[in-house]
Asker: 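Before anything else, here's the structure in question.
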Amino acid sequence: MFFITIQSRKTTGAQAPGNKPMTVRTRFAPSPTGYLHVGGVRTALFCWLYARKHGGNFVLRIEDTDLQRSTAESVNAILEGMTWLGLEYDEGPFYQTERMERYRAVIQQLLEEDKAYHCYCSKEELETMRAEQLARKEKPRYDGRCRSRKGPAPAGVAPVVRFKNPVSGSVVVDDLIKGRVVFNNAELDDLIIARSDGSPTYNFTVVVDDMDMKISHVIRGDDHLNNTPRQINILTALGATLPRYAHVPMILGPDGQRLSKRHGAVSTMQFRDEGYLPEALLNYLVRLGWSHGDQEIFSIDEMIELFDITDVQRSAASVNPDKLLWLNQHYIKTCDPAHVAHHLSWHMGRREVDPTDGPDLVEVVKAQRERAKTLVEMAENSAIFYRDFDSYNEKDAAKHLKPENAELLRGLRERLVVLPDWTAEAVHEVINQTAEEYGLKLGKVAQPVRVAVVGRAVSPPIDITLALLGRERTLARLDAALEHISRRTAGAA
RNA sequence: GCUCCCUUCGUCUAGUGGCCUAGGACGCCGGCCUCUCACGCCGGUAACAGGGGUUCGAGUCCCCUAGGGAGCGCCA
C-alpha cells in the first residue's frame with residue numbers, strides 16, 4: 001500500500017500534492033472582542049508573509065458571530081493595528097455577520113443530505129451527561145442520542161443542528177508545523193453547527209468561509225489544532241478541497257505564563273504609544289518562533305524572501321521585552337531619519353510640542369538616534385529644541401552652574417554672539433578656543449554649557465546641540481543660566 | 001479525567017548521527033573609546049528536562065517518566 005498523499009513537514013507547503021503550483025490564499029480571522037494583541041499580530045504576520053512570498057492573496061475576515069462580545073471599537077482596533085504595521089490585506093474585511101444567509105443555506109443542505117440532524121436535548125440533559133462522563137473519567141462528549149431519533153419532534157423545543165461526525169476511522173492532519181497528527185473519530189462527537197435560534201457556530205462558519213474564500217493555507221494558533229479534525233470532517237462532508245494547515249505555537253509572557261493584560265504591553269497600539277517603530281515590532285515578532293540561521297535583523301523584503309511557515313518552531317515562545325527594545329533602538333538608529341522623524345512627530349504632538357517651532361525634526365533625529373531606545377524617550381529628550389525647559393536638573397545645576405563657571409559662560413557667550421555662521425563646525429571651533437583660552441579640558445567647558453542650554457548634563461554632542469538650538473535660544477539660555485548663577489551667589493552670600 | 005501538542009543558556013534561537021570540548025542574539029558582568037548620555041568595539045557568564053534503548057558514535061532516531069500548554073461550550 002502506498003501513501004501517495006503524504007505531505008511531510010518539510011515539503012514546500014505551497015505545492016499541491018503532485019507538484020501542481022497552487023494559488024496561495026491565507027487569511028487572518030480575528031474576532032473583534034478586544035484589542036489586537038501581539039499573538040494575533042504574529043499570526044497575521046505569518047499569514048501575510050506566506051501570501052506575499054508566494055504571490056498569493058491575504059484575506060482579512062472578521063469573525064463577529066458572537067453578537068454579545070463583538071464591538072465596532074474592536075474592529076477599528078484591528079484595522080488600525082494592521083494599518084500601523086503595514087500588513088495590508090488583499091481582500092476583505094469580510095464580516096461573518098453579513099454571511100448568515102449563506103451559512104443557513106449550507107446547514108439546510110447538510111440536513112437534506114442527512115449529514116446533520118436536529119437535536120432536542122435540553123441544556124440540563126447535556127449537563128447531566130457531561131457530569132456523568134466526567135465521573136466515569138471519560139472525555140465529555142455528546143453521545144448522539146438524537147442522531148437516530150424517530151417520530152414527531154417534541155413540542156415546544158427549539159432544536160439545535162448537529163453535524164454527523166464519522167463514528168469510526170481517523171482524521172490525519174499533515175500540519176506544516178506540527179507534522180502528522182492523527183485523531184480518532186471515536187474521540188470526536190457530533191458538534192452543534194446551528195444554535196437553537198438558528199445561528200451558526202464558530203467551527204461551522206470557519207469551515208464555510210475557508211471553503212468559500214478558497215483558503216489554501218490555514219495558519220492559526222495551535223489552540224485550534226484540536227478543532228481541526230472536526231473542521232476537516234465538515235469540509236469533507238461538503239465536498240470541499242482541504243486546505244493545508246499550519247498551527248503556530250502560542251506566545252507566552254516574559255514570565256512564561258499566558259499572555260494577559262497583567263504582563264503590560266500586549267495590545268499592538270500600546271507598542272506604538274510606548275514609542276516602538278512598526279518595523280521593530282515586526283522584526284521581533286517574526287523571530288519569535290522562526291529563524292534563519294543566526295540572522296537577527298530582517299527587513300520586510302528579507303522576511304518575505306526568507307520566511308517559510310515550515311521553519312516555524314513547534315514550541316511556545318516567551319516574550320523578551322529587552323530584545324524588543326534592542327531591536328527598536330536598532331531601527332531608530334538605522335532607519336531613514338525622515339521615516340523616524342515622521343513617527344517622532346506623532347509623539348511630539350502627543351506631548352503638545354510643536355515640531356515646526358524649531359530645528360528640522362530630521363536633524364534632531366540624526367542627533368538623537370543613538371541615544372534613545374524608544375520614540376517616547378526621544379520625544380522627551382528633544383522637546384528642549386522646541387520649547388524652553390521648566391527647571392534645571394538640581395544635581396547637574398549644582399555641579400556645573402556654579403559661580404566659578406560664570407566667567408567661562410560669559411566668555412563663550414561673547415564669542416557666540418559674533419559667530420558669523422551658526423553651524424556645528426563653527427560652534428565646535430569656538431568651544432575649543434574657549435577651552436584653550438581658559439586652560440580647561442573640553443569636558444570642563446561642555447558640561448556647564450550643556451546644563452545651561454538643556455537643563456541637565458545629558459544631550460547630544462555640545463556643538464550639535466547648540467547648532468540645533470540656534471543662536472537665539474542658545475544665547476537666551478546662557479543668559480538665564482548666568483542669572484541663575486548670580487541668584488545662587490546672592491543666595492549663598 | 002480523556003485527547004492532542006510541546007521540552008537546547010534567564011529569554012529568542014542555531015543544530016536534521018560524527019564539523020558540538022553545543023554556535024549566534026538579547027540581558028548581565030568586566031574592559032576599551034569618550035565633552036555628558038549614548039553608540040561602537042573587545043572579552044566573560046550561562047543550556048541539550050530525567051531515564052532507558054538503537055548505533056562504532058546521539059542535542060540530533062525510538063520508548064518511558066516528569067514538567068509545561070491546549071482542547072473537551074447552543075465562545076471564538
Asker: When rounded to the nearest Å, what value does the distance between P atoms of B:G18 and B:U3 take?
Answerer: 36 Å
Asker: Return the value, rounded to whole Å, for the distance between atom CD1 of A:Ile297 and atom P of B:C12.
Answerer: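 For the pair A:Ile297 CD1 and B:C12 P, the rounded distance is 18 Å.
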Asker: Could you tell me whether A:Asp175 and A:Arg314 make a salt bridge, using a distance below 4.0 angstrom between a side-chain N and a carboxylate O?
Answerer: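 Salt bridge absent between A:Asp175 and A:Arg314.
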Asker: With a 4.0 Å heavy-atom cut-off, tell me which residues in residues 287-294 of chain A come close to RNA chain B, sorted by residue number.
Answerer: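 Within residues 287-294 of chain A, the residues near RNA chain B are A:Arg287, A:Leu288, A:Gly289, A:Ser291, A:Gly293, A:Asp294.
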Asker: Less than 4.0 Å between a side-chain N and a carboxylate O, is that true for A:Asp189 and A:Arg230?
Answerer: yes
Asker: Which value, in whole Å, describes the distance between the C1' atoms of nucleotides B:U21 and B:C5?
Answerer: 35 Å
Asker: With a 4.0 Å cut-off on heavy atoms, is A:Asp396 in touch with a base, just the backbone sugar-phosphate, or nothing at all?
Answerer: nothing
Asker: Does anything in residues 117-128 of chain A come within less than 4.0 Å of RNA chain B? Heavy atoms only, and list the residues if so.
Answerer: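 Contacting residues: A:Cys121, A:Lys123.
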Asker: Rounding to an integer number of Å, can you tell me how far A:Leu327 CG sits from B:C26 P?
Answerer: 9 Å
Asker: Name the nucleic acid region contacted by A:Arg136, choosing base, sugar-phosphate or nothing; use a 4.0 angstrom heavy-atom cut-off, strictly under.
Answerer: nothing
Asker: With heavy-atom distances below 4.5 Å as the criterion, would you say the side chains of A:Thr97 and A:Leu67 are in contact?
Answerer: yes
Asker: Within 45° of the axis and under 6.0 Å from the centre of the six-membered ring of A:Tyr142, does NZ or CZ of A:Arg162 qualify?
Answerer: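 Relative to the ring axis of A:Tyr142, which defines the angle, A:Arg162 lies inside both limits.
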Asker: Calculate the interatomic distance between A:Lys137 atom NZ and B:C2 atom P; express it in whole Å.
Answerer: 8 Å
Asker: Out of B:C2, B:A76, B:U36, which has the shortest distance to the side chain of A:Ala457?
Answerer: B:U36
Asker: For a quick check of understanding: with a heavy-atom distance under 4.0 Å over all strands, which category does A:Thr33 fall into, base, sugar-phosphate or nothing?
Answerer: nothing
Asker: Scan A:Glu138 against the nucleic acid and name what it touches under 4.0 Å (heavy atoms): base, sugar-phosphate only, or nothing.
Answerer: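 The residue A:Glu138 makes base contact.
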Asker: Of the residues in residues 432-448 of chain A, which ones touch RNA chain B at a heavy-atom distance under 4.0 Å?
Answerer: A:Leu442, A:Gly443, A:Ala446, A:Gln447
Asker: Can you identify which nucleotide, out of B:U3, B:U13, B:A76, has its nearest atom closest to the A:Phe183 side chain?
Answerer: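 Closest nucleotide among those given: B:U3.
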Asker: Do A:Arg450 side-chain and B:C35 base share a donor-acceptor contact under 3.5 Å?
Answerer: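 Between B:C35 and A:Arg450, which were checked side chain against base, a qualifying N/O pair under 3.5 Å is present.
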Asker: When rounded to the nearest Å, what value does the distance between P atoms of B:G50 and B:C56 take?
Answerer: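 Straight-line distance between the two P atoms is 25 Å.
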Asker: For atom P, what is the distance between B:C35 and B:U16, given to the nearest Å?
Answerer: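 Straight-line distance between the two P atoms is 48 Å.
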Asker: So what does A:Asp64 touch, heavy atoms closer than 4.0 Å: a base, only the sugar-phosphate, or nothing?
Answerer: nothing
Asker: Look at the rings of A:Trp290 and A:Phe307 and say which category their plane angle falls in: under 30° parallel, 30 to 60° tilted, over 60° perpendicular.
Answerer: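 Answer is tilted, since the angle falls between 30° and 60°.
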Asker: Rounding to an integer number of angstrom, what distance separates B:A49 and B:G59 when you compare their P atoms?
Answerer: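 That atom pair is separated by 10 Å.
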Asker: What distance, rounded to whole Å, do you find between the two C1' atoms, one in B:C32 and one in B:A25?
Answerer: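 One C1' to the other, the span is 22 Å.
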Asker: If I take atom NZ in residue A:Lys366 and atom P in nucleotide B:C39, what distance separates them, rounded to the nearest angstrom?
Answerer: 21 Å
Asker: Is it the case that the ring center of A:His224 lies less than 6.0 angstrom away from the ring center of A:Tyr202?
Answerer: yes
Asker: Search all heavy atoms of A:Ala77 against all heavy atoms of A:Leu36 and return the closest pair with its distance.
Answerer: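 Residues A:Ala77 and A:Leu36, closest heavy atoms: O-CB, 4.3 Å.
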Asker: Do the side-chain N or O atoms of A:Arg130 get closer than 4.0 angstrom to the phosphate oxygens (OP1, OP2) of B:G73?
Answerer: yes
Asker: Would you indicate which nucleotide in B:C39, B:A25, B:C6 comes nearest to any side-chain atom of A:Gln329?
Answerer: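 Looking only at heavy atoms from C-beta outward on A:Gln329, the closest nucleotide is B:C39.
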Asker: Using the P atom in both, what is the distance from B:U45 to B:G10, to the nearest Å?
Answerer: 14 Å
Asker: Evaluate the ring planes of A:Tyr245 and A:His247, with Trp represented by its six-membered ring, and classify them as parallel (under 30°), tilted (30 to 60°) or perpendicular (over 60°).
Answerer: parallel
Asker: Please report the distance separating the P of B:A47 from the corresponding atom of B:C42, rounded so that it comes out in whole Å.
Answerer: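 Roughly 24 Å separates the two P atoms.
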Asker: Within the structure shown, what part of the strands sits under 4.0 Å from A:Pro229 by heavy-atom distance: base, sugar-phosphate, or nothing?
Answerer: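 Nothing, no heavy atom under 4.0 Å.
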Asker: Mind checking if A:Ser318 touches a base, just sugar-phosphate, or nothing, with heavy atoms under 4.0 Å?
Answerer: sugar-phosphate
